[in-house]
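Down below is the structure, laid out as structure tokens.
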Amino acid sequence: MLRNVMLFLTSVLVALTAGRAFWVWLGENPANLSGATYVEFFQVLDRGIAIPIAVTGMGGPMLAGISAFLFRRDRPVFYLLVATCACGLVATLITINVHLPINARIATWDPAALPPNYREYLDRWWSWQQVRLVAVFAAMCLVLVAPLVRKEAPQRS
């Protein structure tokens, strides 16, 4: 029962993270908005989602690692969960090493008086967002395949 609950929770957190990354890809490309509009939008959004994104973004890979341990005897599921964890860690490292420093910088900008090189920061953020999207999408696919290949639990009489 614990294994199933952990696999379910892992799937939920990874899917939430992938869904958010997908939504960013669909509608939050800084190239599609003026600098001032994007910065103002981003500053408001970032304050509201920073904690939930941190919980799902770090929680998914962590639970994938725990789930992998719990499924260590079911090799196909174990390998899928290890790969899920690895993809999630890639996304988390991108967030920590690239996005968070840029986010902190954007948080200090005045939308009416952007720095001359603001577009460089937004372009870098966007480029790494695309890599992060691929990583979390792969993690989501891997974790969703895990229940499909797992061995059936022995039936109790």
Side-chain angles (χ1 to χ4, degrees), residues 1-33 38-107 121-157:
M1 178 69 165
L2 174 63
R3 292 180 342 151
N4 292 336
V5 170
M6 290 302 293
L7 187 55
F8 174 77
L9 292 175
T10 301
S11 300
V12 168
L13 291 183
V14 171
L16 286 171
T17 305
R20 175 65 187 129
F22 180 69
W23 182 257
V24 169
W25 179 72
L26 284 177
E28 296 177 29
N29 184 342
N32 295 336
L33 302 168
Y38 181 80
V39 168
E40 188 172 9
F41 165 77
F42 181 87
Q43 288 172 344
V44 171
L45 180 68
D46 193 52
R47 284 190 296 268
I49 68 168
I51 291 174
I53 290 297
V55 169
T56 62
M58 291 187 301
M62 182 180 71
L63 290 182
I66 293 168
S67 294
F69 174 78
L70 294 173
F71 280 94
R72 66 191 175 277
R73 289 185 183 91
D74 189 342
R75 296 318 254 183
V77 175
F78 171 79
Y79 292 129
L80 287 166
L81 291 170
V82 167
T84 299
C85 183
C87 290
L89 286 175
V90 167
T92 299
L93 289 173
I94 290 169
T95 301
I96 291 168
N97 294 311
V98 179
H99 286 147
L100 290 180
I102 295 173
N103 292 357
R105 185 173 294 254
I106 294 172
Y121 288 97
L122 299 183
D123 290 345
R124 183 166 188 247
W125 191 96
W126 183 251
S127 294
W128 282 102
Q129 170 56 28
Q130 293 174 31
V131 176
R132 183 170 62 173
L133 171 62
V134 170
V136 295
F137 183 76
M140 182 189 71
C141 291
L142 291 163
V143 76
L144 293 178
V145 168
L148 301 175
V149 301
R150 88 182 183 95
K151 296 176 187 168
E152 292 296 320
Q155 297 295 322
R156 295 183 185 177
S157 346

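Predicted model only: the values in this text are computed from it and were never measured.
No more than 12 heavy atoms of other residues, nucleotides or ligands shown are found within 6.0 angstrom of CZ on Arg105. The neighbour count for Tyr38 OH, taken as heavy atoms of other residues, nucleotides or ligands under 6.0 Å away, is above 12.
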Derivation and outcome, side chain to side chain contact (heavy atoms under 4.5 Å, CB included), residues Ser11 and Leu144:
CA-CA 7 Å; Ser11 300; Leu144 293 178; 4.2 Å; yes
For Trp126 and Gln130, run side chain to side chain contact (heavy atoms under 4.5 Å, CB included): C-alpha distance rounded to whole Å, both residues' side-chain angles, the deciding distance at 0.1 Å, then the answer.
CA-CA 6 Å; Trp126 183 251; Gln130 293 174 31; 2.4 Å; yes
Working note: Trp128 + Ile102, criterion side chain to side chain contact (heavy atoms under 4.5 Å, CB included); need CA distance, chi angles, decisive distance, verdict.
CA-CA 11 Å; Trp128 282 102; Ile102 295 173; over 6 Å; no
Begin with the C-alpha distance, continue with both residues' side-chain angles, and end with the deciding distance and a verdict on side-chain hydrogen bond (donor to acceptor under 3.5 Å, both in side chains) for Arg3 and Ser67.
CA-CA 7 Å; Arg3 292 180 342 151; Ser67 294; over 6 Å; no
Side chain to side chain contact (heavy atoms under 4.5 Å, CB included) between Arg75 and Lys151: does it pass, once the steps are laid out?
CA-CA 9 Å; Arg75 296 318 254 183; Lys151 296 176 187 168; 6.0 Å; no
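Using a distance-only test at 3.5 Å, with no hydrogens or angles considered, a donor-acceptor pair links the side chain of Asn97 to the main chain of Leu93. The backbone N or O of Tyr121 lies less than 3.5 Å from no partner atom in the side chain of Arg124, so there is not a single donor-acceptor pair. In this structure, Asp74 contributes its side chain and Arg150 its backbone to no donor-acceptor pair below 3.5 Å.
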Listed pairs under 3.5 Å, donor-acceptor, residues 49-65 side chains, sequence neighbours left out:
| from | atom 1 | to | atom 2 | distance (Å) |
| --- | --- | --- | --- | --- |
| Thr56 | OG1 | Thr17 | OG1 | 3.2 |
| Thr56 | OG1 | Pro52 | O | 3.2 |
| Thr56 | OG1 | Ile53 | O | 3.3 |

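Trp125 pairs by the ring pair (Phe, Tyr, Trp, His ring centres under 6.0 Å) definition with His99, not counting sequence neighbours.
Closest approach of Arg72 to Phe78, counting heavy atoms only: CA-CD1, 3.7 Å.
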